[in-house]
Amino acid sequence: MSLALEQFPLFHGLSPELLTQWGKFFRERRFTKRQLLEFSPDCLEPIYFVRSGRIKISYLSEDGKEFTVACLSPGDVYSVHSLASATALENSVVIYLGMDKFRPLLEECPELSLRLIRLLGNLLKDTNDVILDLAFREVSVRLAHVILREGHPANKQQVIVKLPSFLDFTHEQLAALIGTTRQTVNEILKRWERQGIVALKRGKVAVLNWELLNDKGNLFS
């Protein structure tokens, strides 16, 4: 499991001997598209790392409305909360362990604790941005923010920006991420297509102009 741990930013660069030692505490589980993430009952307070696929973190209101606050991609880490649900947006693989086994790793390696604080800080910032979007910004601005956050090459540490940039999200997934309907997302994307911002091909979105899309995201911000 040491090679699997190395792929995650939290563990990157730590000694192979340490990762090999820690690997025995992790388990792997696969989830199919739209499947809720559930873990073994004997795993208390699971912490999981996305190895492949995408995981949607959301809350359900009393009237049945879903609010998505995060979209986890490969390399991301999250923990199970009693009120939040995690759903696979596509076939996904995660590795996980319980807090009772994770806590000793933090005590053994102080650097790991510092990295975790930074990762959680970034996650909290992203979650706050999503909440602000849902509460105060119109749908088209929320859509622009999601595409910029999840798809812009700069956020994926790509130096060369190639156009068009294809997003690995369906219209249905984008709708879930901004708390609206697929029909509304389709209408906005078609309008942006006429403006030369995106191109639509077989249910996928290709960004043609990141600067114009950024302008859409800055409206009323």
Side-chain angles (χ1 to χ4, degrees), residues 34 50 53-76 78 81 83-90 118-221:
R34 296 191 180 93
V50 183
R54 282 196 180 90
I55 306 296
K56 174 182 67 175
I57 306 299
S58 59
Y59 291 87
L60 198 63
S61 67
E62 293 182 355
D63 60 0
K65 188 173 183 179
E66 183 183 41
F67 296 92
T68 299
V69 296
C71 179
L72 307 181
S73 300
D76 287 338
Y78 210 77
H81 301 295
L83 297 178
S85 63
T87 308
L89 288 173
E90 56 193 61
R118 287 194 292 267
L119 285 175
L120 294 179
N122 291 334
L123 181 61
L124 179 60
K125 178 184 179 300
D126 291 342
T127 300
N128 286 339
D129 288 343
V130 171
I131 293 173
L132 286 173
D133 276 353
L134 291 172
F136 301 114
R137 296 182 178 117
E138 65 173 21
V139 178
S140 62
V141 176
R142 300 204 303 264
L143 180 57
H145 284 179
V146 165
I147 295 176
L148 288 165
R149 183 172 61 248
E150 302 293 341
H152 197 288
N155 295 332
K156 300 179 181 297
Q157 297 182 341
Q158 296 178 8
V159 178
I160 301 176
V161 179
K162 296 181 179 180
L163 295 173
S165 296
F166 288 89
L167 299 178
D168 194 19
F169 283 92
T170 65
H171 296 187
E172 180 182 4
Q173 291 171 343
L174 289 171
L177 289 172
I178 63 173
T180 189
T181 64
R182 178 177 177 179
Q183 179 181 359
T184 299
V185 168
N186 289 342
E187 291 173 354
I188 295 172
L189 290 175
K190 287 179 180 177
R191 183 168 72 245
W192 289 353
E193 185 176 38
R194 292 192 295 270
Q195 296 171 352
I197 300 173
V198 301
L200 307 179
K201 296 182 179 180
R202 298 180 181 179
K204 297 288 186 177
V205 182
V207 178
L208 303 178
N209 192 314
W210 286 108
E211 291 184 3
L212 290 179
L213 183 63
N214 188 64
D215 290 341
K216 296 293 183 181
N218 286 333
L219 291 176
F220 310 111
S221 295

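Heads up: numbering here begins at 1 and tracks the sequence. Computed over heavy atoms, backbone and side chain alike; hydrogens, waters and symmetry mates excluded.
A heavy-atom distance below 4.5 Å is found between the side chains of Leu200 and Val205. The closest side-chain heavy-atom distance from Gln195 to Lys216 is below 4.5 Å. Residues Leu189 and His171 form a side-chain contact, since some pair of their non-hydrogen atoms from C-beta on lies under 4.5 Å apart. At least one side-chain heavy atom of Trp210 sits under 4.5 Å from a side-chain heavy atom of Leu148. Trp192 is listed as a side-chain neighbour of Leu213, based on a closest heavy-atom distance under 4.5 Å.
Side-chain contact of Gln183 with Thr181: a donor-acceptor pair under 3.5 Å is absent, judged by distance alone.
Under the 3.5 Å distance criterion, the side-chain polar atoms of Asn218 are matched with a main-chain donor or acceptor of Asn214. Remark: side-chain polar atoms of Arg182 are not paired, donor with acceptor, to backbone N or O of Ala175 under 3.5 angstrom.
Atoms NE2 and CG, from His145 and Asp126 in turn, are 12.5 Å apart once rounded to the nearest 0.5 Å. In this structure, CZ in Arg142 is found 11.5 Å from CG in Leu177, a value given to the nearest 0.5 Å. With rounding to the nearest 0.5 Å, the separation of CD in Gln173 from CD in Glu90 is 6.0 Å. Distance check, rounded to the nearest 0.5 Å: CG of Leu143 to CZ of Arg137 gives 14.0 Å. Of the inter-residue distances, the one linking Leu174 atom CG with Thr184 atom OG1 reads 12.5 Å to the nearest 0.5 angstrom.
For Gly53 against Pro74, the heavy-atom pair with the smallest separation is O-CD, 3.2 Å. Nearest approach of Lys204 to Leu167, heavy atoms of both residues: CD-O, 3.9 Å. Of all non-hydrogen atoms in Ile57 and Ala86, the two that sit nearest each other are CD1-CB, 3.7 Å. Minimum heavy-atom separation, Arg191 to Ser140: NH2-CB, 4.0 Å. The heavy-atom pair separating Ile55 from Ala88 by the smallest distance is CD1-CA, 4.0 Å. The two residues Phe169 and Arg54 come nearest to each other via the heavy atoms CZ-NE, 3.2 Å.
Annotation for Lys190: atom NZ does not count as buried by contact number, only 12 or fewer foreign heavy atoms lying within 6.0 Å.
Residue Ile147 is tested with Val207, Ile178, Ile197 for a side chain to side chain contact (heavy atoms under 4.5 Å, CB included); the sole match is Val207.
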Quick one, Cys71 with Arg149, criterion side chain to side chain contact (heavy atoms under 4.5 Å, CB included). Give me CA distance, side-chain angles, the key distance, then yes/no.
CA-CA 10 Å; Cys71 179; Arg149 183 172 61 248; over 6 Å; no
Verdict with supporting geometry, Leu123 and Asp76, side chain to side chain contact (heavy atoms under 4.5 Å, CB included):
CA-CA 9 Å; Leu123 181 61; Asp76 287 338; over 6 Å; no
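By the side-chain contact (heavy atoms from CB on, under 4.5 Å) test, Arg118 pairs with Glu111, Leu114, Arg115, sequence neighbours left out. Residues satisfying the side-chain hydrogen bond (donor to acceptor under 3.5 Å, both in side chains) criterion with Arg34, sequence neighbours excluded, are Glu172.
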